[in-house]
Amino acid sequence: MTSILQPQKEATGTYTFSSRPRALQNRNKYRDPVAEQNEEQAQYGNIMYDRRVVRGNTYAQNILPISAQTDPIEIQRMQEARRRAVARKRAKEQLRPRTPEPVEGRKHIDVQTELYLEELSDRIEESDVQCQTDAFLDRPATPLFIPAKTGKDVATQILEGELFDFDVEVNPILEVLTGKTIEQALLEVMEEEELASLRAQQRAFEELRNAELVEVQRLEEQERRHREEKEHRMKQQREVLRLEKESAKKIAARAFAQHYLADLLPSVYSSLQDNGYFYDSVERDVETEFMPWLMTEVEKTLDKRVFGRTMLDMLIREVVKQRLDVFEKMEQTNHASK
């Protein structure tokens, strides 16, 4: 248990140990600043309960290297994402339809909406009670706890030599503590030396690996340049072969065309001549202009002659008809006179 060291008095003769009896303190629900201040001023005698002593081994401490620390930009990005998520959640809560607030003097209660109503037997009866409290006062000082006295007082006589000698009994404990501390310190020093050697080996390995990577990159770049040069040369050669093939095809096509057109031109001229594409200008003029005009004039003359004959036929018909009527009238008059 934790015990508070009492101020040592001047040694007078035989060593004696004395401690005032004290009651256990009740743990309050809230912190008391006065009690914390007194607790900070107290001197702890047991190092297992001393707050300044860190318990546990130092090997388990996870010390991150400098390169493994979180990037400040990444931290800022994570904070921005978290802030946006909170804002989005708040906006969703605000946009979610809610029940309107009750009017003054009323409040919302749960109502059964099922088809068959059920009697609520576990509902607690409620009633409103009002009271007026006094103004807030300062908290009174906590009275000192004095436990009730129980039992009977008993005295014990302790003679010299019955209690242990602290100076003699503490030597083995101090030797064990110092030995363990020195051993732990030596182990930590050996651990640090081993870690330093491991870091040196890792640095040397990283330097060798970086040099090998640089050499590999140089060889890859050289191989890439050789491959690109080879592809460029092959492309040029293919282009030259393609041009040669095109030239040969053009020469062959030109020779074939000349050979084919040697006999084609006279036959084309003769066929065009036979089809009338090559004609005499005077003859063409007579055929296209004079003959149509002549035919038009002849048609007009014939139309006039036909029209004259038609008119003459009509006149003759009228005259004959009139004479026939006259003759009929004359016959009728002759018959009437007879």
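Note that this is a predicted model, so its numbers are computed, not measured.
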Atom pair [atom1]/[atom2] of [X] and [Y] - distance to nearest 0.5 Å:
X	Y	atom1	atom2	result
F290	M295	CZ	CE	11.5 Å
K107	I109	NZ	CD1	8.0 Å
R225	R227	CZ	CZ	11.5 Å
E318	D313	CD	CG	12.0 Å
K250	L243	NZ	CG	8.5 Å
N334	F327	CG	CZ	12.0 Å

May I ask whether [X] and [Y] are part of the same hydrophobic cluster, defined by side-chain heavy atoms of I, L, V, M, F, W, Y residues being less than 4.5 angstrom apart, directly or through others?
X	Y	answer
F166	L174	yes
M314	F307	yes
I182	I173	no
L208	L198	no
W293	M291	yes

| Charged N to carboxylate O under 4.0 angstrom, E207 versus R203? |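 Salt bridge between E207 and R203, a charged N being under 4.0 Å from a carboxylate O: no.
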| field | Ionic contact status for R77 with E74, cut-off 4.0 Å | value | yes
Can you confirm whether [X] is buried at [atom1], in the sense that more than 12 heavy atoms of other residues, nucleotides or ligands lie under 6.0 Å from that atom?
X	atom1	value
R224	CZ	yes
L241	CG	yes
Q76	CD	no
R106	CZ	no

| request: Please test E228 against H232 for side chain to side chain donor-acceptor pair (under 3.5 Å), starting from the C-alpha separation and ending with a verdict. | output: CA-CA 6 Å; E228 290 180 355; H232 183 65; over 6 Å; no
So, for [X] and [Y], which heavy atoms are closest and what is the spacing to 0.1 Å?
X	Y	answer
E101	H108	C-NE2, 3.9 Å
T178	E175	OG1-O, 2.9 Å
L177	T181	O-OG1, 2.6 Å

| said: R242 and side chain to side chain contact (heavy atoms under 4.5 Å, CB included): which single residue from E244, E239, K245 fits? | reply: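 Among E244, E239, K245, the one that satisfies the side chain to side chain contact (heavy atoms under 4.5 Å, CB included) with R242 is E239.
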| said: For L219, run the side chain to side chain contact (heavy atoms under 4.5 Å, CB included) check against E221, E223, E215 and tell me which one passes. | reply: E215
| query | Is there side-chain contact between R233 and K230, with heavy atoms separated by less than 4.5 Å? | reply |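 R233 does not reach K230 side chain to side chain.
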| Residue pair E328 / D325, side-chain heavy-atom distance below 4.5 Å |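 Of all side-chain heavy-atom pairs linking D325 with E328, at least one is under 4.5 Å.
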| task | Kindly determine whether E246 and K249 satisfy side chain to side chain contact (heavy atoms under 4.5 Å, CB included), including the steps that lead there. | result | CA-CA 5 Å; E246 288 183 358; K249 289 181 180 179; 5.7 Å; no
| Other than V320, what residues sit in its cluster of Ile, Leu, Val, Met, Phe, Trp and Tyr side chains whose heavy atoms are under 4.5 Å apart, directly or through others? | L312, I316
| request: Evaluate the criterion side chain to side chain contact (heavy atoms under 4.5 Å, CB included) for residue pair K180 and Q184; output intermediate values, then yes/no. | output: CA-CA 6 Å; K180 288 292 184 182; Q184 187 71 20; over 6 Å; no
